Amino acid sequence: MITWSPSKIKAFQKALLTWYDTDGRDLPWRRDHDPYHVWVSEIMLQQTQVNTVIPYYNRFMDWFPTVTDLADAPEERLMKAWEGLGYYSRARNLQKAAKQVVEDFNGKWPRTAEELLDLAGIGPYTAGAIASIAFGEPVPAVDGNAFRVFSRLLEIDDDIAKTQTRQVFEQVIGTIIPTDRPGDFNQAIMDLGSSYMTAKNPDSENSPVKAFDQAYLDGVEDQYPVKTKKPRPVQIPYFGLVIHADDRYLMEKRPSTGLLANFWTFPLVKRETLLTGLEHPETVTDEELVTLLEHEVAETDGLKLHLTPRSGKQVTHTFTHQKWLITLMDAEWSGDLDLSYFPGEWLTASDFERLALPKVQDKMWQRVRPK
DNA sequence: AACCCGTGGCA
DNA sequence: TTGCCAAGGGT
């Protein structure tokens with residue numbers, strides 16, 4: 001890692017902000033510095049690309065124009081606004097924080113990064129972003145862009161996958177961020193990281209700060225940032241039960257914690273569940289597996305079904321750390337609709353449009369819906 | 001501190 | 001297809 005003199009820091013600030021003034025992106029949440037606007041956009045942008053966020057942000061401001069509207073929003077409406085964005089705890093924490101602002105702070109926003117950290121869903125990055133952009137506090141906002149940009153500028157070789165590395169960057173950026181335009185500085189770093197100093201195929205030759213880019217000048221920018229790799233997703237085989245009575249489908253509500261919390265899906269049974277306790281699970285035939293599945297559903301849910309697998313009805317969906325391989329099984333339900341023993345409800349296609357559904361459920365539905 | 005938590009774009 | 005990345009936070 002190299003260090004910069006005070007005069008070099010001044011020169012960098014000028015080069016960066018001059019470029020930002022002319023070439024900075026015009027984004028919906030940059031039309032003012034309203035903390036509500038900044039805050040919602042920052043939450044949506046967590047681990048999500050700008051082009052994906054733009055339509056969600058515009059619709060969100062249409063549905064929930066003020067922090068009070070958000071605090072008072074019905075749960076179902078809130079989740080529909082977030083449907084497809086992923087990381088759904090962001091939406092729930094967003095409303096939790098809105099209620100904190102309305103009730104605990106009487107509508108007056110905390111104005112420092114330290115205070116903002118007390119709000120649900122706001123961590124060190126988002127606190128720095130809101131404090132600097134909305135309130136002008138000279139604090140760093142260290143996101144993936146800042147890691148990448150500054151690791152190259154200064155040849156910082158700490159592993160950005162490690163928790164403690166954040167402090168290294170916050171300390172360094174703290175000496176470089178200008179006190180008069182901290183919000184513009186942080187946003188300029190993000191624009192730089194998404195234009196010239198990108199993760200793949202960077203265009204440092206034309207970067208407005210290429211004279212300050214030590215890794216580029218040394219021809220080693222492909223070595224930055226240093227980041228250890230994550231393990232690939234584990235594969236989990238499931239059976240997806242498509243149980244229908246006329247135009248109604250039996251849906252199950254997922255637990256209130258964990259992956260896809262509280263979402264409706266077709267009932268899902270892990271293949272592993274059917275094989276535990278067997279002496280030679282590897283010898284089980286497909287037909288025997290179906291029988292085991294029917295017994296499992298009968299025991300746990302009180303449903304006597306005749307399940308029919310169909311070829312070509314496999315659905316796959318990859319999350320950050322899991323890959324689901326779902327074999328769809330059909331069953332026509334001819335009994336009454338008593339669900340005393342089953343934690344679910346019968347839903348129709350019109351319900352599917354009204355409710356927020358996770359992508360994997362939509363994939364299953366597209367495979368089985370009548371055309 | 002390591003792991004969990006979604007989805008879409010792209011080479 | 002696979003792997004990686006994208007304005008991270010919670011536990």
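These values consider heavy atoms only, across backbone and side chains, with no hydrogens, waters or symmetry-generated copies. Numbered from 1 within each chain, the chains take letters A, B, ... in sequence-line order. Predicted model only: the values in this text are computed from it and were never measured.
Remark: C1' of dA6(C) and CE of M190(A) are 13 Å apart, rounded to the nearest angstrom. The CG-C1' distance, from N186(A) to dA7(C), rounds to 10 Å in whole Å. Atom pair K227(A):NZ and dG8(C):C1' shows a separation of 11 Å (rounding to whole Å applied). Rounded to an integer number of Å, the gap from L325(A) CG to dT2(C) C1' is 14 Å. Atom CD in E170(A) sits roughly 13 Å away from atom C1' in dG8(C) (whole-Å rounding). Summarising the geometry, the separation between CD1 on I189(A) and P on dA7(C) is reported as 12 Å, rounded to the nearest angstrom. Rounded to whole angstrom, the span from the CD1 atom of I236(A) across to the C1' atom of dC5(B) amounts to 13 Å. For the pair L119(A) CG and dG9(C) C1', the interatomic distance rounds to 13 Å; values are reported in whole Å.
Nearest nucleotide to the K200(A) side chain, out of dT7(B), dG3(C), dA7(C): dG3(C).
Remark on DNA chain B: of its neighbouring residues H321(A) and K363(A), the 5'-side contact belongs to H321(A), judged by nearest-heavy-atom nucleotide. Annotation: of the two residues near DNA chain B, V360(A) and T163(A), the 5′-most nearest-nucleotide partner is T163(A).
A sub-4.0 Å separation between OP1 or OP2 of dG8(C) and a side-chain N or O of R90(A) is absent. Contact annotation: K230(A) does not reach the phosphate of dG3(C) (side-chain N/O to OP1 or OP2, under 4.0 Å). A close approach under 4.0 Å does not occur between any side-chain nitrogen or oxygen of K229(A) and OP1 or OP2 of dG3(C). Under 4.0 angstrom from either OP1 or OP2 of dG6(B) there lies no side-chain N or O belonging to H317(A).
Formation of a donor-acceptor pair under 3.5 Å by the E42(A) side chain with backbone atoms of I130(A) is not found in this model. With R181(A) contributing its side chain and I177(A) its backbone, the two residues share no donor-acceptor pair below 3.5 Å.
Residues from residues 124-153 of chain A placing a heavy atom under 4.0 Å of any atom in DNA chain C, listed by number, are P124(A), Y125(A), T126(A), D143(A), G144(A), N145(A), R148(A). For the contact set between residues 45-54 of chain A and DNA chain B, defined by any heavy atom under 4.0 Å, the members are Q47(A), T48(A), Q49(A). Listed in residue order, the members of residues 250-262 of chain A having a heavy atom less than 4.0 Å from DNA chain B are G258(A), L259(A), L260(A). Taking every heavy atom of residues 72-88 of chain A and every atom of DNA chain B, pairs under 4.0 Å involve G84(A), L85(A), G86(A), Y87(A), Y88(A), by number.
Open room surrounds CD on E287(A); 12 or fewer heavy atoms of other groups in view lie less than 6.0 Å from it. The number of heavy atoms from other shown groups lying within 6.0 Å of CG (N206(A)) is above 12. For E115(A), the CD atom is densely surrounded, since the number of other residues' heavy atoms within 6.0 Å is greater than 12.
Here, dG6(B) and dA6(C) have their C1' atoms 12 Å apart, quoted to the whole Å. dC5(B) and dA7(C) have their P atoms separated by 23 Å, with the value rounded to a whole Å.
For dG10(C), the base has no donor-acceptor partner in the side chain of S89(A) [N/O atoms by modelled type, under 3.5 angstrom].
Classification of E75(A) and R92(A) as a salt-bridged pair holds, one side-chain N sitting under 4.0 Å from a carboxylate O. With respect to the salt-bridge test (charged N to carboxylate O, under 4.0 angstrom), the residues D213(A) and R152(A) do not qualify. With respect to the salt-bridge test (charged N to carboxylate O, under 4.0 angstrom), the residues R30(A) and D191(A) qualify. A salt bridge links E76(A) to R354(A): one of the charged nitrogens lies within less than 4.0 Å of a carboxylate oxygen. No salt bridge links R111(A) with E137(A); every basic N to acidic carboxylate O contact stays at or beyond 4.0 Å.
Not counting sequence neighbours, the partners of F352(A) by the ring pair (Phe, Tyr, Trp, His ring centres under 6.0 Å) test are W365(A).
No engagement by K96(A) is indicated, since no non-hydrogen atom pair under 4.0 Å with the nucleic acid exists. Residue-level contact check: Q187(A) touches neither bases nor backbone, having no heavy atom under 4.0 Å from any strand. No engagement by W39(A) is indicated, since no non-hydrogen atom pair under 4.0 Å with the nucleic acid exists. Heavy atoms of L117(A) sit nowhere under 4.0 angstrom from any nucleic acid atom.
Centroid-to-centroid, the aromatic rings of H321(A) and F319(A) stay 6.0 Å apart or farther.
By the 6.0 Å and 45° rule, R59(A) stacks over the aromatic ring of W63(A).
Clustering of Ile, Leu, Val, Met, Phe, Trp and Tyr side chains at separations under 4.5 Å leaves L117(A) isolated, with no partner residue.
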Kindly indicate, with the supporting measurements, whether the criterion side chain to side chain contact (heavy atoms under 4.5 Å, CB included) is fulfilled by F64(A) and R77(A).
CA-CA 10 Å; F64(A) 317 115; R77(A) 184 74 166 165; 3.8 Å; yes
